[in-house]
Number of protein chains: 2
Amino acid sequence: MTDETGRAPRRRADARRNESALLDAAAAVFVASGVEAPVRDIAAKAGVGVGTVYRHFPTRADLVVAVYRHQVEACAVAGEEALERADSPFEALRRWIDVFVDFLVTKHGLAGALQSDDPQFQVLHAYFLDRLLPVGTRLLEAGVAAGEVRDDVTAIELMRGVGGLCIGPADDRYDVRHTVGVFLDGMRAPAR
Amino acid sequence: MTDETGRAPRRRADARRNESALLDAAAAVFVASGVEAPVRDIAAKAGVGVGTVYRHFPTRADLVVAVYRHQVEACAVAGEEALERADSPFEALRRWIDVFVDFLVTKHGLAGALQSDDPQFQVLHAYFLDRLLPVGTRLLEAGVAAGEVRDDVTAIELMRGVGGLCIGPADDRYDVRHTVGVFLDGMRAPAR
DNA sequence: TCGACAAGCGGAACTTAGTTCCGTATTGTT
DNA sequence: AACAATACGGAACTAAGTTCCGCTTGTCGA
(Lines give C-alpha, C1' and ligand atoms only; values in the text may rest on other atoms or scores of the structure.)
Protein backbone atom coordinates (compact mmCIF):
# COMPACT_ATOMS: atom_id res chain seq x y z
CA MET A 1 0.00 0.00 0.00
CA THR A 2 2.37 2.68 -1.24
CA ASP A 3 1.29 6.14 -2.21
CA GLU A 4 -2.01 6.05 -0.43
CA THR A 5 -3.08 9.66 -0.45
CA GLY A 6 -6.78 9.07 0.03
CA ARG A 7 -7.46 11.94 -2.37
CA ALA A 8 -10.32 11.02 -4.67
CA PRO A 9 -9.31 11.15 -8.34
CA ARG A 10 -11.04 13.99 -10.18
CA ARG A 11 -14.20 12.71 -11.83
CA ARG A 12 -15.55 13.65 -15.18
CA ALA A 13 -17.73 16.71 -15.43
CA ASP A 14 -20.79 14.81 -16.61
CA ALA A 15 -20.49 12.45 -13.68
CA ARG A 16 -20.55 15.36 -11.26
CA ARG A 17 -23.45 16.95 -13.10
CA ASN A 18 -25.44 13.76 -12.99
CA GLU A 19 -24.77 13.19 -9.33
CA SER A 20 -26.03 16.60 -8.44
CA ALA A 21 -29.04 16.23 -10.74
CA LEU A 22 -29.78 12.94 -9.00
CA LEU A 23 -29.62 14.51 -5.58
CA ASP A 24 -32.04 17.24 -6.62
CA ALA A 25 -34.36 14.77 -8.30
CA ALA A 26 -34.28 12.37 -5.38
CA ALA A 27 -35.03 15.15 -2.90
CA ALA A 28 -38.05 16.17 -4.94
CA VAL A 29 -39.30 12.63 -5.47
CA PHE A 30 -38.81 11.76 -1.79
CA VAL A 31 -41.01 14.70 -0.84
CA ALA A 32 -43.66 13.69 -3.34
CA SER A 33 -43.62 9.92 -2.94
CA GLY A 34 -41.53 9.07 0.09
CA VAL A 35 -38.10 7.54 0.40
CA GLU A 36 -39.26 4.26 -1.11
CA ALA A 37 -40.15 5.79 -4.44
CA PRO A 38 -39.21 3.69 -7.49
CA VAL A 39 -35.66 4.14 -8.71
CA ARG A 40 -37.00 4.66 -12.22
CA ASP A 41 -38.96 7.69 -11.08
CA ILE A 42 -35.84 9.28 -9.68
CA ALA A 43 -33.85 8.46 -12.80
CA ALA A 44 -36.57 9.92 -14.99
CA LYS A 45 -36.83 13.09 -12.93
CA ALA A 46 -33.06 13.54 -13.16
CA GLY A 47 -33.09 12.78 -16.88
CA VAL A 48 -30.66 9.87 -16.59
CA GLY A 49 -30.86 6.11 -17.03
CA VAL A 50 -31.34 3.77 -14.09
CA GLY A 51 -27.81 2.47 -14.50
CA THR A 52 -26.55 5.93 -13.65
CA VAL A 53 -28.48 5.94 -10.41
CA TYR A 54 -26.92 2.66 -9.35
CA ARG A 55 -23.45 3.77 -10.44
CA HIS A 56 -23.57 6.82 -8.19
CA PHE A 57 -25.61 5.34 -5.36
CA PRO A 58 -25.27 1.56 -5.15
CA THR A 59 -28.07 1.22 -2.62
CA ARG A 60 -31.13 3.25 -1.89
CA ALA A 61 -29.71 3.98 1.52
CA ASP A 62 -26.68 5.68 -0.04
CA LEU A 63 -28.99 8.00 -1.92
CA VAL A 64 -31.13 8.70 1.12
CA VAL A 65 -28.07 9.45 3.22
CA ALA A 66 -26.68 11.75 0.55
CA VAL A 67 -29.96 13.64 0.29
CA TYR A 68 -30.35 14.17 4.03
CA ARG A 69 -26.71 14.43 5.12
CA HIS A 70 -26.85 18.19 5.60
CA GLN A 71 -29.94 18.00 7.74
CA VAL A 72 -28.59 15.21 9.86
CA GLU A 73 -25.43 17.23 10.44
CA ALA A 74 -27.54 20.22 11.37
CA CYS A 75 -29.48 18.05 13.80
CA ALA A 76 -26.26 16.87 15.40
CA VAL A 77 -25.06 20.43 15.78
CA ALA A 78 -28.42 21.44 17.21
CA GLY A 79 -27.81 19.00 20.04
CA GLU A 80 -24.60 20.70 21.07
CA GLU A 81 -26.22 24.10 20.82
CA ALA A 82 -29.20 23.05 22.88
CA LEU A 83 -26.91 21.93 25.63
CA GLU A 84 -25.20 25.32 25.70
CA ARG A 85 -28.28 27.42 25.44
CA ALA A 86 -31.05 25.65 27.33
CA ASP A 87 -31.88 26.35 30.95
CA SER A 88 -31.27 22.77 31.96
CA PRO A 89 -29.98 19.53 30.48
CA PHE A 90 -33.46 18.06 30.38
CA GLU A 91 -34.74 21.10 28.57
CA ALA A 92 -31.86 20.73 26.12
CA LEU A 93 -32.80 17.12 25.54
CA ARG A 94 -36.38 18.08 24.95
CA ARG A 95 -35.40 20.74 22.46
CA TRP A 96 -33.06 18.50 20.59
CA ILE A 97 -35.60 15.71 20.33
CA ASP A 98 -38.02 18.29 19.04
CA VAL A 99 -35.61 19.06 16.21
CA PHE A 100 -35.14 15.38 15.54
CA VAL A 101 -38.87 14.71 15.46
CA ASP A 102 -39.41 17.66 13.15
CA PHE A 103 -36.86 16.23 10.83
CA LEU A 104 -38.38 12.76 10.83
CA VAL A 105 -42.04 13.65 10.48
CA THR A 106 -41.42 15.89 7.51
CA LYS A 107 -39.66 13.14 5.56
CA HIS A 108 -42.30 10.75 4.37
CA GLY A 109 -41.30 7.19 5.14
CA LEU A 110 -37.89 8.03 6.55
CA ALA A 111 -38.64 6.95 10.09
CA GLY A 112 -39.91 3.64 8.78
CA ALA A 113 -36.83 3.15 6.62
CA LEU A 114 -34.60 3.95 9.57
CA GLN A 115 -36.17 1.19 11.62
CA SER A 116 -36.60 -1.23 8.74
CA ASP A 117 -34.80 -4.53 8.97
CA ASP A 118 -34.42 -4.57 5.21
CA PRO A 119 -30.65 -4.97 4.73
CA GLN A 120 -30.87 -2.32 2.04
CA PHE A 121 -31.37 0.26 4.76
CA GLN A 122 -28.67 -0.90 7.13
CA VAL A 123 -26.29 1.77 5.89
CA LEU A 124 -28.92 4.40 6.64
CA HIS A 125 -29.48 3.07 10.12
CA ALA A 126 -25.75 2.97 10.71
CA TYR A 127 -25.23 6.50 9.48
CA PHE A 128 -27.91 7.98 11.70
CA LEU A 129 -26.60 6.11 14.69
CA ASP A 130 -22.98 7.04 14.01
CA ARG A 131 -23.86 10.67 13.72
CA LEU A 132 -26.54 11.12 16.36
CA LEU A 133 -25.78 8.56 19.03
CA PRO A 134 -22.83 10.52 20.45
CA VAL A 135 -25.01 13.62 20.64
CA GLY A 136 -27.75 11.72 22.41
CA THR A 137 -25.22 10.24 24.77
CA ARG A 138 -23.85 13.64 25.68
CA LEU A 139 -27.29 15.07 26.35
CA LEU A 140 -28.31 12.08 28.39
CA GLU A 141 -25.11 12.18 30.42
CA ALA A 142 -25.51 15.85 31.12
CA GLY A 143 -29.05 15.16 32.30
CA VAL A 144 -27.93 12.33 34.54
CA ALA A 145 -25.15 14.46 35.97
CA ALA A 146 -27.68 17.15 36.80
CA GLY A 147 -29.95 14.57 38.41
CA GLU A 148 -32.70 15.31 35.93
CA VAL A 149 -32.55 12.14 33.85
CA ARG A 150 -32.67 8.58 35.09
CA ASP A 151 -29.41 6.77 34.66
CA ASP A 152 -30.68 3.57 33.10
CA VAL A 153 -31.59 4.87 29.67
CA THR A 154 -29.21 4.63 26.77
CA ALA A 155 -28.88 6.78 23.70
CA ILE A 156 -29.95 3.84 21.54
CA GLU A 157 -33.16 3.57 23.48
CA LEU A 158 -33.68 7.28 23.08
CA MET A 159 -33.04 7.42 19.35
CA ARG A 160 -34.69 4.20 18.36
CA GLY A 161 -37.58 4.84 20.69
CA VAL A 162 -38.27 8.30 19.30
CA GLY A 163 -37.79 6.94 15.79
CA GLY A 164 -40.34 4.24 16.45
CA LEU A 165 -42.85 6.71 17.81
CA CYS A 166 -42.53 8.69 14.57
CA ILE A 167 -43.35 5.76 12.30
CA GLY A 168 -46.66 5.43 10.62
CA PRO A 169 -49.32 7.23 8.66
CA ALA A 170 -50.64 10.58 9.75
CA ASP A 171 -53.68 10.21 11.95
CA ASP A 172 -55.30 13.07 13.76
CA ARG A 173 -55.98 10.83 16.75
CA TYR A 174 -52.23 10.35 17.19
CA ASP A 175 -50.08 13.34 18.10
CA VAL A 176 -46.45 12.32 17.65
CA ARG A 177 -45.07 15.23 19.64
CA HIS A 178 -47.28 14.56 22.58
CA THR A 179 -46.40 10.89 22.61
CA VAL A 180 -42.71 11.67 22.39
CA GLY A 181 -43.23 14.07 25.28
CA VAL A 182 -44.69 11.24 27.34
CA PHE A 183 -41.70 9.08 26.46
CA LEU A 184 -39.29 11.81 27.52
CA ASP A 185 -41.18 12.28 30.75
CA GLY A 186 -40.53 8.62 31.39
CA MET A 187 -36.83 9.39 31.21
CA ARG A 188 -36.94 11.97 33.97
CA ALA A 189 -35.21 11.00 37.14
CA PRO A 190 -37.82 10.04 39.73
CA ALA A 191 -38.07 12.48 42.60
CA ARG A 192 -36.04 11.32 45.62
CA MET B 1 -84.20 -8.05 1.62
CA THR B 2 -86.31 -11.05 2.36
CA ASP B 3 -85.02 -14.16 4.01
CA GLU B 4 -81.88 -12.58 5.43
CA THR B 5 -80.71 -15.08 8.00
CA GLY B 6 -77.07 -14.04 8.10
CA ARG B 7 -76.12 -17.68 8.28
CA ALA B 8 -73.22 -18.36 5.94
CA PRO B 9 -74.12 -20.96 3.32
CA ARG B 10 -72.19 -24.17 3.84
CA ARG B 11 -69.09 -24.14 1.68
CA ARG B 12 -67.66 -27.02 -0.25
CA ALA B 13 -65.45 -29.42 1.62
CA ASP B 14 -62.36 -28.69 -0.47
CA ALA B 15 -62.79 -25.01 0.19
CA ARG B 16 -62.80 -25.58 3.94
CA ARG B 17 -59.82 -27.91 3.69
CA ASN B 18 -57.86 -25.40 1.69
CA GLU B 19 -58.65 -22.55 4.00
CA SER B 20 -57.41 -24.44 6.97
CA ALA B 21 -54.33 -25.65 5.09
CA LEU B 22 -53.66 -22.03 4.19
CA LEU B 23 -53.92 -20.88 7.77
CA ASP B 24 -51.46 -23.54 8.89
CA ALA B 25 -49.09 -22.80 6.02
CA ALA B 26 -49.27 -19.06 6.58
CA ALA B 27 -48.58 -19.43 10.27
CA ALA B 28 -45.48 -21.50 9.52
CA VAL B 29 -44.24 -19.21 6.77
CA PHE B 30 -44.84 -16.10 8.89
CA VAL B 31 -42.66 -17.57 11.60
CA ALA B 32 -39.93 -18.46 9.14
CA SER B 33 -40.01 -15.42 6.88
CA GLY B 34 -42.17 -12.79 8.53
CA VAL B 35 -45.61 -11.51 7.65
CA GLU B 36 -44.40 -10.07 4.35
CA ALA B 37 -43.42 -13.44 2.93
CA PRO B 38 -44.30 -13.94 -0.76
CA VAL B 39 -47.82 -15.17 -1.41
CA ARG B 40 -46.38 -17.89 -3.63
CA ASP B 41 -44.45 -19.32 -0.71
CA ILE B 42 -47.59 -19.64 1.33
CA ALA B 43 -49.49 -21.17 -1.56
CA ALA B 44 -46.70 -23.67 -2.15
CA LYS B 45 -46.49 -24.62 1.51
CA ALA B 46 -50.25 -25.19 1.58
CA GLY B 47 -50.11 -27.14 -1.67
CA VAL B 48 -52.54 -24.84 -3.48
CA GLY B 49 -52.35 -22.35 -6.32
CA VAL B 50 -51.97 -18.64 -5.72
CA GLY B 51 -55.49 -18.03 -6.97
CA THR B 52 -56.77 -20.03 -4.05
CA VAL B 53 -54.94 -17.83 -1.61
CA TYR B 54 -56.55 -14.72 -3.06
CA ARG B 55 -59.96 -16.34 -3.18
CA HIS B 56 -59.89 -17.07 0.53
CA PHE B 57 -57.95 -14.03 1.67
CA PRO B 58 -58.31 -11.12 -0.72
CA THR B 59 -55.58 -9.08 0.94
CA ARG B 60 -52.53 -10.02 2.92
CA ALA B 61 -54.03 -8.28 5.90
CA ASP B 62 -57.01 -10.65 5.83
CA LEU B 63 -54.66 -13.59 6.06
CA VAL B 64 -52.61 -12.02 8.82
CA VAL B 65 -55.72 -11.22 10.81
CA ALA B 66 -57.03 -14.74 10.37
CA VAL B 67 -53.74 -16.24 11.52
CA TYR B 68 -53.47 -14.09 14.64
CA ARG B 69 -57.12 -13.61 15.52
CA HIS B 70 -57.02 -16.06 18.43
CA GLN B 71 -53.99 -14.41 19.95
CA VAL B 72 -55.41 -10.95 19.58
CA GLU B 73 -58.59 -12.10 21.30
CA ALA B 74 -56.51 -13.64 24.04
CA CYS B 75 -54.64 -10.38 24.43
CA ALA B 76 -57.88 -8.45 24.71
CA VAL B 77 -59.12 -10.85 27.36
CA ALA B 78 -55.82 -10.59 29.20
CA GLY B 79 -56.49 -6.88 29.60
CA GLU B 80 -59.75 -7.49 31.43
CA GLU B 81 -58.15 -10.15 33.59
CA ALA B 82 -55.21 -7.94 34.47
CA LEU B 83 -57.59 -5.29 35.67
CA GLU B 84 -59.31 -7.77 37.96
CA ARG B 85 -56.23 -9.46 39.26
CA ALA B 86 -53.52 -6.84 39.54
CA ASP B 87 -52.82 -4.91 42.70
CA SER B 88 -53.41 -1.60 41.03
CA PRO B 89 -54.63 -0.23 37.71
CA PHE B 90 -51.14 0.84 36.76
CA GLU B 91 -49.83 -2.61 37.50
CA ALA B 92 -52.62 -4.03 35.37
CA LEU B 93 -51.65 -1.73 32.54
CA ARG B 94 -48.06 -2.81 32.85
CA ARG B 95 -48.98 -6.48 32.76
CA TRP B 96 -51.27 -6.09 29.83
CA ILE B 97 -48.71 -4.17 27.83
CA ASP B 98 -46.27 -6.91 28.67
CA VAL B 99 -48.58 -9.43 27.03
CA PHE B 100 -49.02 -7.17 24.04
CA VAL B 101 -45.28 -6.66 23.64
CA ASP B 102 -44.69 -10.39 23.93
CA PHE B 103 -47.17 -10.95 21.18
CA LEU B 104 -45.62 -8.36 18.89
CA VAL B 105 -41.97 -9.20 19.33
CA THR B 106 -42.52 -12.87 18.61
CA LYS B 107 -44.19 -12.15 15.26
CA HIS B 108 -41.53 -11.15 12.85
CA GLY B 109 -42.53 -8.01 10.98
CA LEU B 110 -45.97 -7.75 12.52
CA ALA B 111 -45.31 -4.54 14.43
CA GLY B 112 -43.98 -2.98 11.26
CA ALA B 113 -46.99 -4.11 9.26
CA LEU B 114 -49.32 -2.74 11.92
CA GLN B 115 -47.75 0.70 11.62
CA SER B 116 -47.27 0.55 7.86
CA ASP B 117 -49.05 3.11 5.76
CA ASP B 118 -49.34 0.59 2.96
CA PRO B 119 -53.07 0.50 2.25
CA GLN B 120 -52.79 -3.26 2.05
CA PHE B 121 -52.41 -3.33 5.81
CA GLN B 122 -55.16 -0.91 6.70
CA VAL B 123 -57.53 -3.74 7.54
CA LEU B 124 -54.93 -5.15 9.92
CA HIS B 125 -54.47 -1.81 11.62
CA ALA B 126 -58.20 -1.40 11.89
CA TYR B 127 -58.71 -4.85 13.36
CA PHE B 128 -56.10 -4.39 16.05
CA LEU B 129 -57.47 -1.00 16.95
CA ASP B 130 -61.07 -2.21 16.99
CA ARG B 131 -60.22 -5.06 19.25
CA LEU B 132 -57.61 -3.57 21.56
CA LEU B 133 -58.42 0.12 21.77
CA PRO B 134 -61.41 -0.42 24.05
CA VAL B 135 -59.27 -2.53 26.35
CA GLY B 136 -56.56 0.09 26.44
CA THR B 137 -59.13 2.75 27.11
CA ARG B 138 -60.58 0.84 30.04
CA LEU B 139 -57.16 0.26 31.59
CA LEU B 140 -56.18 3.86 31.11
CA GLU B 141 -59.43 5.13 32.57
CA ALA B 142 -59.07 2.89 35.58
CA GLY B 143 -55.56 4.24 36.06
CA VAL B 144 -56.72 7.83 35.78
CA ALA B 145 -59.57 7.18 38.20
CA ALA B 146 -57.08 5.79 40.69
CA GLY B 147 -54.85 8.80 40.22
CA GLU B 148 -52.04 6.61 38.96
CA VAL B 149 -52.09 7.55 35.30
CA ARG B 150 -51.98 11.02 33.81
CA ASP B 151 -55.22 12.03 32.19
CA ASP B 152 -53.86 13.36 28.93
CA VAL B 153 -52.86 10.11 27.29
CA THR B 154 -55.16 8.29 24.90
CA ALA B 155 -55.43 4.62 24.10
CA ILE B 156 -54.25 5.34 20.56
CA GLU B 157 -51.10 6.91 21.89
CA LEU B 158 -50.60 3.89 24.11
CA MET B 159 -51.13 1.26 21.43
CA ARG B 160 -49.44 3.01 18.58
CA GLY B 161 -46.60 4.14 20.79
CA VAL B 162 -45.92 0.67 22.12
CA GLY B 163 -46.29 -0.72 18.61
CA GLY B 164 -43.74 1.75 17.33
CA LEU B 165 -41.29 0.87 20.08
CA CYS B 166 -41.53 -2.78 19.02
CA ILE B 167 -40.64 -2.15 15.38
CA GLY B 168 -37.27 -3.01 14.02
CA PRO B 169 -34.58 -5.63 13.87
CA ALA B 170 -33.33 -7.35 16.98
CA ASP B 171 -30.35 -5.55 18.45
CA ASP B 172 -28.80 -6.43 21.74
CA ARG B 173 -28.18 -2.75 22.44
CA TYR B 174 -31.92 -2.14 22.33
CA ASP B 175 -34.14 -3.73 24.97
CA VAL B 176 -37.73 -3.35 23.85
CA ARG B 177 -39.21 -4.17 27.22
CA HIS B 178 -37.07 -1.67 29.03
CA THR B 179 -37.91 1.04 26.54
CA VAL B 180 -41.60 0.29 26.80
CA GLY B 181 -41.19 0.47 30.57
CA VAL B 182 -39.77 3.97 30.22
CA PHE B 183 -42.71 4.94 28.04
CA LEU B 184 -45.18 3.63 30.59
CA ASP B 185 -43.38 5.48 33.35
CA GLY B 186 -44.01 8.59 31.33
CA MET B 187 -47.71 7.88 31.62
CA ARG B 188 -47.71 7.83 35.41
CA ALA B 189 -49.54 10.67 37.05
CA PRO B 190 -46.96 13.14 38.38
CA ALA B 191 -46.80 13.26 42.15
CA ARG B 192 -48.95 16.09 43.51
C1' DT C 1 -6.40 20.67 -32.81
C1' DC C 2 -6.87 16.01 -32.73
C1' DG C 3 -6.98 11.37 -31.75
C1' DA C 4 -7.17 7.59 -28.38
C1' DC C 5 -8.60 5.73 -24.38
C1' DA C 6 -10.64 5.69 -19.99
C1' DA C 7 -14.79 6.99 -17.76
C1' DG C 8 -19.40 7.20 -17.82
C1' DC C 9 -23.97 6.53 -19.81
C1' DG C 10 -28.55 4.48 -21.17
C1' DG C 11 -31.77 1.30 -21.22
C1' DA C 12 -32.76 -3.51 -22.61
C1' DA C 13 -33.15 -7.62 -20.27
C1' DC C 14 -33.52 -10.50 -16.36
C1' DT C 15 -35.43 -11.37 -11.66
C1' DT C 16 -38.84 -11.34 -8.06
C1' DA C 17 -43.35 -10.51 -6.46
C1' DG C 18 -48.32 -9.05 -6.58
C1' DT C 19 -52.64 -9.75 -8.89
C1' DT C 20 -56.10 -11.24 -12.27
C1' DC C 21 -58.57 -14.41 -15.06
C1' DC C 22 -60.45 -18.30 -17.22
C1' DG C 23 -60.46 -23.20 -18.71
C1' DT C 24 -60.76 -27.23 -15.95
C1' DA C 25 -61.71 -30.15 -11.98
C1' DT C 26 -64.37 -31.15 -7.87
C1' DT C 27 -68.41 -31.24 -5.10
C1' DG C 28 -73.14 -31.58 -3.77
C1' DT C 29 -77.77 -32.49 -5.51
C1' DT C 30 -81.49 -34.61 -7.87
C1' DA D 1 -75.47 -40.82 -13.37
C1' DA D 2 -75.88 -36.29 -14.84
C1' DC D 3 -75.94 -31.56 -14.06
C1' DA D 4 -74.98 -27.06 -11.92
C1' DA D 5 -72.57 -24.49 -8.93
C1' DT D 6 -68.48 -23.90 -6.74
C1' DA D 7 -63.69 -23.83 -6.36
C1' DC D 8 -59.19 -24.72 -8.19
C1' DG D 9 -54.57 -23.97 -10.58
C1' DG D 10 -51.38 -21.67 -12.66
C1' DA D 11 -50.40 -19.01 -16.89
C1' DA D 12 -50.08 -14.30 -17.88
C1' DC D 13 -49.72 -9.50 -16.95
C1' DT D 14 -47.90 -5.66 -14.15
C1' DA D 15 -44.58 -3.24 -11.29
C1' DA D 16 -40.16 -2.72 -9.44
C1' DG D 17 -35.20 -3.91 -8.37
C1' DT D 18 -30.88 -4.94 -10.41
C1' DT D 19 -27.29 -6.13 -13.80
C1' DC D 20 -24.75 -5.73 -17.89
C1' DC D 21 -22.76 -4.30 -22.11
C1' DG D 22 -22.42 -1.68 -26.42
C1' DC D 23 -22.15 3.12 -27.26
C1' DT D 24 -21.03 8.07 -26.16
C1' DT D 25 -18.47 11.64 -24.10
C1' DG D 26 -14.90 13.93 -21.65
C1' DT D 27 -10.00 14.38 -20.81
C1' DC D 28 -5.39 14.76 -21.89
C1' DG D 29 -1.12 14.13 -24.17
C1' DA D 30 1.03 14.84 -28.60
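Every chain is numbered from 1 and lettered A, B, ... according to where its sequence line falls, protein lines coming before strand lines.
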Check your understanding: Roughly, in whole Å, what's the span from CD1 in A:Ile42 to P in D:dA16?
Key -> 12 Å
Practice item. Count the heavy atoms of every other residue, nucleotide or ligand shown that sit under 6.0 Å from CZ of A:Arg138, and state whether that count exceeds 12. Key: no
Check your understanding: For B:Gln120 and C:dG18, is the shortest distance between a side-chain N/O and OP1 or OP2 below 4.0 Å?
Key -> no
So which protein N/O to nucleotides 9-15 of chain C N/O distances come out below 3.5 Å?
unit_1: C:dC9; atom_1: OP1; unit_2: A:Asn18; atom_2: ND2; d: 2.3
unit_1: C:dC9; atom_1: OP2; unit_2: A:Arg55; atom_2: NH1; d: 2.8
unit_1: C:dC9; atom_1: OP2; unit_2: A:His56; atom_2: NE2; d: 3.3
unit_1: C:dG10; atom_1: OP2; unit_2: A:Gly49; atom_2: N; d: 3.0
unit_1: C:dG10; atom_1: OP2; unit_2: A:Thr52; atom_2: OG1; d: 2.7
unit_1: C:dG10; atom_1: O6; unit_2: A:Arg55; atom_2: NH2; d: 3.4
unit_1: C:dG11; atom_1: O6; unit_2: A:Gly51; atom_2: N; d: 3.3
unit_1: C:dA13; atom_1: N6; unit_2: A:Arg40; atom_2: NH2; d: 3.2

Review point. Does B:Arg188 pair with B:Glu148 as a salt bridge, N-O distance under 4.0 Å?
Key: no
Exercise for review: Could you walk me through whether B:Glu36 and B:Arg60 pass the salt bridge (Lys or Arg N to Asp or Glu O under 4.0 Å) test, one step at a time?
Suggested key: CA-CA 8 Å; B:Glu36 313 230 37; B:Arg60 178 182 299 274; 5.3 Å; no
Point to revise | Any side-chain donor near an acceptor of the partner, B:Glu157 and A:Thr179, under 3.5 Å | key: yes
Exercise for review: Could you check how far CG of B:Leu22 sits from C1' of D:dC8, rounded to whole Å?
Suggested key: 12 Å
Check your understanding: Just how far, in rounded Å, is C1' of C:dA25 from CZ of B:Arg17?
Key -> 13 Å
Study note, to complete from the structure: Distance col, row B:Leu93:CG vs B:Leu184:CG, nearest 0.5 angstrom, shows 5.5 Å
Practice item. Could you check which residues of residues 31-39 of chain B get a heavy atom under 4.0 Å from DNA chain C? Sort them by number, please. Key: B:Pro38, B:Val39
Check your understanding: Can you check the A:Arg60 CZ to D:dA16 C1' distance for me, whole Å?
Key -> 9 Å
